[in-house]
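Computed over heavy atoms, backbone and side chain alike; hydrogens, waters and symmetry mates excluded. These numbers come from a predicted model, not from an experiment.
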Amino acid sequence: MTVFQKIFLQSYRTLAAAILITVLLVASSYFFTIILYSANRTWVAPIILTKASPRVMATGAEAFRARQGLATLQIASESLRREIAVIDEQAIAVGNLMARYDLALREETVANAAFVKSISQLKSSKMADDYRASTILAASKATEQSIDQELAAGLITKEVAARARAQVVSMESNVTSAKLGTVALSQQIHDLNSGIDTMRGDAKSSKALESQSRVATLKQQLAALEIQRFRNNAELKNKNTEIQELQAIVDTVEATPYFRIAQDNELSALFAFVPYENESAVAMGKAIYSCWAKVVACARVGTVKWIGSDEEKGFHPIFQRDIRGFLIQLDLENPSAAKEQVLFLGSAPLFL
C-alpha cells in the first residue's frame, strides 16, 4: 500500500468518525431538547405586539364602540330618571289639585244644601209678603175710581188726586218688583237643588257637570302620568340591564393585553405565551431568563409584569403543534431578549 493510499484511508476513517460523532451529537441534542421541553414547566414563548398589529387595532376599535354604546345608554338612562322625577312631581301636583277640587265640590254641595234650606224658608216668608202686598194693591185699585169721582165733584183738588194716583202706581211697581224677586229666588233655589242633585249622581245642572268634567280630566291626566311612569320605569330597568351587560363587555375587552397595548404610550409591548401546563410557574414579579442555544449560558433579563386570564392559541416552539394557554406581559431589561424563541421563568432550565 502506498503512502498516498495510507493517507487517504486514514483521512476517510477520520472523516467518517467525525461525521458519526456529529450525527450522534446532533441526535443526542435533539433528543435531549425533546426530553427537556417535555419535562420542563417553566418555558414561555415571547411575543412582540405593536399598535399596528391587526388584533390590537381591532380590540381598540371594539373597545371604542363598546364605550360609545355604554355612554349612549348611560345618557338615555339618566334622561329617563329625570323624566320619571318630573312625572312624579306632576303626578303629585295633579293628585293634590284633584283632591282639593273634589273636596271643594263636596263642601260646596253641603253648603249649598244648607243654603237651600235657609233660602226656602225665606221664600215662604217672601211669598206671604207678596200675597199681602197684592191684597193691599187690590184695595188701592178699588179706591182709584173714587178719586176720579171726588175730583169730578170738586171734593179734592187735582194735586191731591195726582198724588193719590202716584201712590197707587208706586204700590203696583213695588208689588211687581216683589214678585220678580220671588221668581228670582225660586230660580236660585232651583239652580242650587239641580247642582246638589247633579253632584249626587243626577244630571240636572250643566255648571255642576262642568265641574265634574274638570275632576274627570284631572283623573285622566293622573292616569296618563301613571302609565307613562310605568313605561319609563320598565324602559329604565331594561337600560340598566343593558348597561350592566355592556359594562361587562367593556371590562372584558379592556382586560385583554391587546387593549393594554392600544392604550399604552409605547408603540410596542413585550408579551409571552404560556401553555396551560406551565401555568404553575407564573407569578407577578417572577424572574425571566434567556439562554444561549435555548438551554445553556442563561442570564436574567427581566420580570413578569402582568398576567392575563383569557385563553389564547399558541404554537409549540419545539414540537411544532398548536397548544392552548394565556399571555403574560414582560418587563425586560434587554428588549432584544423578546426575539428569542423561548424564555424561562424563575431559573435557568439546567441551572447553568
Side-chain angles (χ1 to χ4, degrees), residues 59-123 184-255 259 262-263:
T59 302
E62 183 180 356
F64 174 78
R65 289 192 297 269
R67 283 179 172 178
Q68 193 175 36
L70 183 61
T72 301
L73 285 174
Q74 288 172 339
I75 292 173
S77 178
E78 181 62 25
S79 177
L80 283 172
R81 275 194 290 268
R82 293 186 179 183
E83 186 174 345
I84 290 172
V86 172
I87 289 175
D88 288 340
E89 292 179 359
Q90 291 178 343
I92 292 173
V94 172
N96 289 338
L97 181 60
M98 184 179 67
R100 291 169 59 191
Y101 211 114
D102 193 43
L103 178 61
L105 289 177
R106 289 198 303 271
E107 290 182 350
E108 184 178 353
T109 301
V110 174
N112 286 343
F115 183 62
V116 166
K117 185 177 180 180
S118 300
I119 204 172
S120 296
Q121 296 175 353
L122 179 62
K123 177 186 175 183
L185 193 60
S186 299
Q187 184 62 41
Q188 185 177 5
I189 293 174
H190 176 270
D191 292 342
L192 290 173
N193 283 325
S194 297
I196 293 170
D197 292 339
T198 301
M199 294 305 298
R200 290 173 177 171
D202 293 334
K204 297 181 178 180
S205 171
S206 60
K207 186 176 180 181
L209 285 174
E210 183 179 354
S211 298
Q212 289 184 329
S213 175
R214 291 177 182 175
V215 174
T217 301
L218 291 174
K219 289 181 178 179
Q220 186 178 11
Q221 291 178 358
L222 185 60
L225 290 171
E226 292 290 342
I227 293 173
Q228 187 62 40
R229 178 167 54 188
F230 175 80
R231 290 176 178 173
N232 286 1
N233 281 325
E235 187 175 356
L236 179 60
K237 183 178 180 180
N238 291 335
K239 294 292 184 186
N240 289 335
T241 301
E242 292 177 6
I243 288 174
Q244 292 176 358
E245 293 174 351
L246 192 54
Q247 183 64 59
I249 294 174
V250 171
D251 294 340
T252 301
V253 172
E254 293 183 352
F259 180 79
Q263 295 298 305

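Taking each heavy atom of V250 and R67 in turn, the nearest pair found is CG2-N, 4.2 Å. Contact detail for T59 and F259: the closest heavy-atom pair is CG2-N, 3.8 Å. The shortest heavy-atom contact between L222 and A91 is CD1-O, 3.5 Å. Heavy-atom minimum distance, A66 versus L246: O-CD2, 3.6 Å.
Note that CG of N240 and CD of Q74 are 10.0 Å apart. Values are rounded to the nearest 0.5 Å. Once rounded to the nearest 0.5 Å, the distance linking CG of L80 with CD1 of I75 reads 12.0 Å. To the nearest 0.5 Å, atom NZ of residue K239 and atom CD of residue Q244 are 14.0 Å apart. Note: E226 CD to D88 CG = 8.5 Å, rounded to the nearest 0.5 Å. Atom CD1 of I227 sits about 12.0 Å away from atom CG of N232, to the nearest 0.5 Å.
For the residue pair E242 / N238, no side-chain donor-acceptor distance below 3.5 Å is found, with atom types taken as modelled.
Residues satisfying the side-chain contact (heavy atoms from CB on, under 4.5 Å) test with K237, not counting sequence neighbours, are none. Every side-chain hydrogen bond (donor to acceptor under 3.5 Å, both in side chains) that E78 has, sequence neighbours left out, goes to R81, R82.
The backbone N or O of L73 sits nowhere less than 3.5 Å from a side-chain atom of S77 that would complete a donor-acceptor pair.
Side-chain contact check for E83 versus Q228: some heavy-atom pair is nearer than 4.5 Å.
Comment: E62 does not engage R65 in a salt bridge, judged by the lack of any side-chain N to carboxylate O separation of less than 4.0 angstrom.
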